[in-house]
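The structure appears right after this line, and notes come after that.
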Amino acid sequence: MNHISQRGEWKGMKWLFYVYYPAHLFVIGIVRILLAWERISNLLDEPGADRELYCRQWRDISFYQCVTNDIMLNDTEEMLKGMKRDFEDFDELDELLSEKKARKKRKRNTGNGIIIACCVIIACIIISCVYLIISRTLGGEQETGEQALEIEVEENIVVEGEPAEEKDTTSVGEQDVQTEDINMEGESEEPLHEEQEAESSDPQTAAVKESGAEIDVAQLVSASNVGENSSVTYGIDVSRFQGTIDWAQVAGTGIDFAMIRVGYRDAVTGEIKDDSNAKYNMQEAEKNGIKIGAYFFSTAISAQEAAEEAEWVANYIAKYPITYPVGFNCEGFENASSRQYSLTKDERSSIALAFLDKIYNAGYTPIFYASRGELSEDAQWNTSQIEQKYKIWMAWYNQDTSKLASGPSYEGQCAMWQYSDKGTVAGIGKSVDVDVAYFGYGGTETAKDTSERETVSADVEALMNFEAVDETVTAKNSTNLRDKPSQGSDSTVKVTLQNGQTARRTGISDSGWSRVIYEGGTYYAVSGYLTTDMSAPEQEITQQPEDTSGFKTKFMDCNETVTAKEVVNLRNKPSVTDEDSVVVATLYAGDTAVMTGVNAEFGWARVEYNGQTLYCVSSYLKYVE
């Protein structure tokens, strides 16, 4: 069957040569002549072969192939038919050739089918990916457009005021470096002693605050039982740093809700502490028809601590109707002194989620608080992960608030926007954070625990820190004992302590106030009017000439020898912001001056030094024994 195999190869090569006909015409002829010679040689070797006949055929074929290649190609099939008559088993040859041709065709068709199928699959995958990308993009734009609130509302909530102490980025000591005093002249200005005496272990006092978006709140986790909706509502967030709040006046401003700080984890000891005005604020807000939310200032360093905080919060607020979300607030972690300084972004985010998960499981709606700088592009938190499940409460100041209802120009999710820390609200004597929420509620939640709860009073010491003492004092002459450490209209003189009458002093504040217990009641007196010398005769209080300075800061007369704790500037007026307020002298520890007046509300002292009447921050002074 050797000649049959060669004949099949020859015929299979024909189509290849036709494709390359212009370049290989001559080669085709030579190859076919050689093939013919090989076949005829084989035939001549067979017994009984007609040599003369085969030689003549070979000569004719050679001449024909060499001279008329073109004709040969056109008549190939005729030549093959003639040669078939000279070979045995031509039926088998045709059968084999046909079978081989069919097999090649089937193989070629199978390969082509596989290639076509692969191409179709790849094309489908590409088309599906493109469709998904386009759908997601267009869908996001459509969702954003549908979520946008086009309602413009009159802004009657925010009025320029002073920064709240809790949001101040530096303490007075840092700003003054014990040489520069802090405060402004005037009754409307912020009292310096509140900044100085902010509890150092309260992490919120050291937090650095950064001085938005349309959302579909239905996509976020909510535990509301009173029907959450997409209305735009306005609120405030408060803590003890706002002092005692008159919630009846706040309600009269049209405020819808209040986010109330309920507690924090001590930045030094790690102990969980409540905000000293939290229960009073929740109690009074509820009484005046303001819906309540809550937040906790966390310094947790593990998910276990975060869960502990959340459990503490849930128990603490159980007896109050918490309608708005319960927030996780964590700031100041970039400070080297922070418990959380060594935590990574992933660790902090896991801690936050542990808190939020626990709050949700307790039946409250969670919300995550952070500044825009920390949230944007996952800068300090895994925002893209947190916002998939929980509401975001974003602080972003100094933005266009002409259309609060439309939300901030922020690329991420923002369910609540804290747009200023300088809000002025009737009933709150200090600056306050103001918020707008892009959701509301159709009713007020019922407290989780409906058992009877205690009625609480405001913490009158919320803005001061008293150093604990236990000593007996009397008045140098006579002094008023008040119900709160203030000489303003919000305080009342309860009794007058005379020289020789004794009271037990339990606390002293750097702002110039003492806490005393007298006849079973707790009162407050100006420290400069008290003495621990029970044998001291009644002192005459030198009447100072009427204050004709024109300053809005008024002073209570006194006559005490003082010195600087370390160093303090003495100014020509009780202000550090007025352009004409200048440092005239500097008082160092050991140098003495006579303090002739004190303003406990704003934290200023009036002193006589080198024949001049000057002013300094009272908390930088100490009495000379």
Side-chain angles (χ1 to χ4, degrees), residues 165 172 191-202 205 239-245 266 273-281 429-430 456-534 536 541 555-558 560 562 565 595 597-605 617-623 625:
E165 286 75 23
V172 170
L192 174 136
H193 65 265
E194 293 166 15
E195 298 177 359
Q196 291 175 321
E197 297 190 25
E199 194 173 326
S200 60
S201 61
D202 187 333
T205 63
S239 67
R240 69 181 180 89
F241 296 104
Q242 273 66 50
T244 302
I245 297 174
D266 192 286
K273 298 179 178 179
D274 69 335
D275 184 291
S276 58
N277 263 337
K279 289 185 177 180
Y280 173 80
N281 285 334
K430 315 301 176 187
V456 295
S457 300
D459 176 17
V460 297
E461 299 179 11
L463 298 177
M464 299 180 185
N465 290 323
F466 283 79
E467 180 183 355
V469 297
D470 189 3
E471 55 193 13
T472 302
V473 295
T474 187
K476 293 177 179 178
N477 187 304
S478 66
T479 186
N480 291 328
L481 303 184
R482 296 174 174 268
D483 61 349
K484 61 177 59 177
S486 169
Q487 294 172 308
S489 59
D490 59 339
S491 72
T492 303
V493 175
K494 294 296 185 179
V495 67
T496 299
L497 183 71
Q498 303 292 339
N499 177 260
Q501 295 177 328
T502 61
R504 185 164 65 92
R505 181 158 59 185
T506 59
I508 301 177
S509 168
D510 280 345
S511 58
W513 287 94
S514 288
R515 181 179 62 236
V516 300
I517 297 177
Y518 179 69
E519 295 183 347
T522 299
Y523 306 105
Y524 300 88
V526 176
S527 298
Y529 291 167
L530 300 175
T531 180
T532 57
D533 186 359
M534 297 295 103
I541 301 298
F555 292 86
M556 177 178 287
D557 295 333
C558 62
E560 296 286 346
V562 294
K565 293 178 178 178
M595 183 168 66
V598 61
N599 181 289
E601 186 176 5
F602 297 128
W604 284 93
V617 176
S618 60
S619 60
Y620 289 165
L621 300 175
K622 65 180 181 180
Y623 297 110
E625 297 294 336

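Taking OG1 of T531 as the start and CG of N477 as the end, the distance is 12.5 Å to the nearest 0.5 Å. How far CZ of R482 is from OG of S491: 4.0 Å, rounded to the nearest 0.5 Å. Atom CZ of residue F241 and atom CG of residue D275 lie 7.5 Å apart, to the nearest 0.5 angstrom. The structure places CD of E471 at 8.0 Å from OG of S514, a figure rounded to the nearest 0.5 Å. Within the model, atoms CG of L481 and OG1 of T479 stand 6.5 Å from one another, a figure rounded to the nearest 0.5 Å. Considering CD of E461 and OG1 of T522, their distance stands at 8.5 Å, rounded to 0.5 Å.
When all heavy atoms of V460 and Y524 are compared, the pair lying nearest together is CG2-OH, 3.4 Å. Scanning both residues, K430 and L463, for their nearest heavy atoms gives CE-CD1, 3.5 Å. Considering all non-hydrogen atoms of both residues, Q498 and A475 come closest at C-CB, 3.8 Å. Pairing each heavy atom of D533 with each of T474, the nearest pair is O-CG2, 4.2 Å.
Listed by chain and residue number, D490 satisfy the side chain to side chain donor-acceptor pair (under 3.5 Å) test with S486 (two or more places apart in sequence, or in another chain). A458 pairs by the side-chain contact (heavy atoms from CB on, under 4.5 Å) definition with T244, N277, Y280, not counting sequence neighbours.
Distance alone, capped at 3.5 Å, places no donor-acceptor pair between the T492 side chain and the K494 backbone. Between the side chain of S276 and the backbone N or O of D459, no donor-acceptor pair lies under 3.5 Å. Judged by distance alone, with hydrogens and angles left aside, the side-chain atoms of T506 form no donor-acceptor pair with the main-chain N or O of V516 at under 3.5 Å. Proximity of a side-chain donor or acceptor of T472 to a complementary backbone N or O of R504 within less than 3.5 Å is not detected. At least one donor-acceptor pair closer than 3.5 Å links the side chain of R240 to the backbone N or O of A462.
Annotation: cation-pi geometry satisfied between R515 and F466 (NZ/CZ under 6.0 angstrom from ring centroid, within 45° of ring axis).
No hydrogens or angles considered: a donor-acceptor pair under 3.5 Å links the side chains of T496 and N480.
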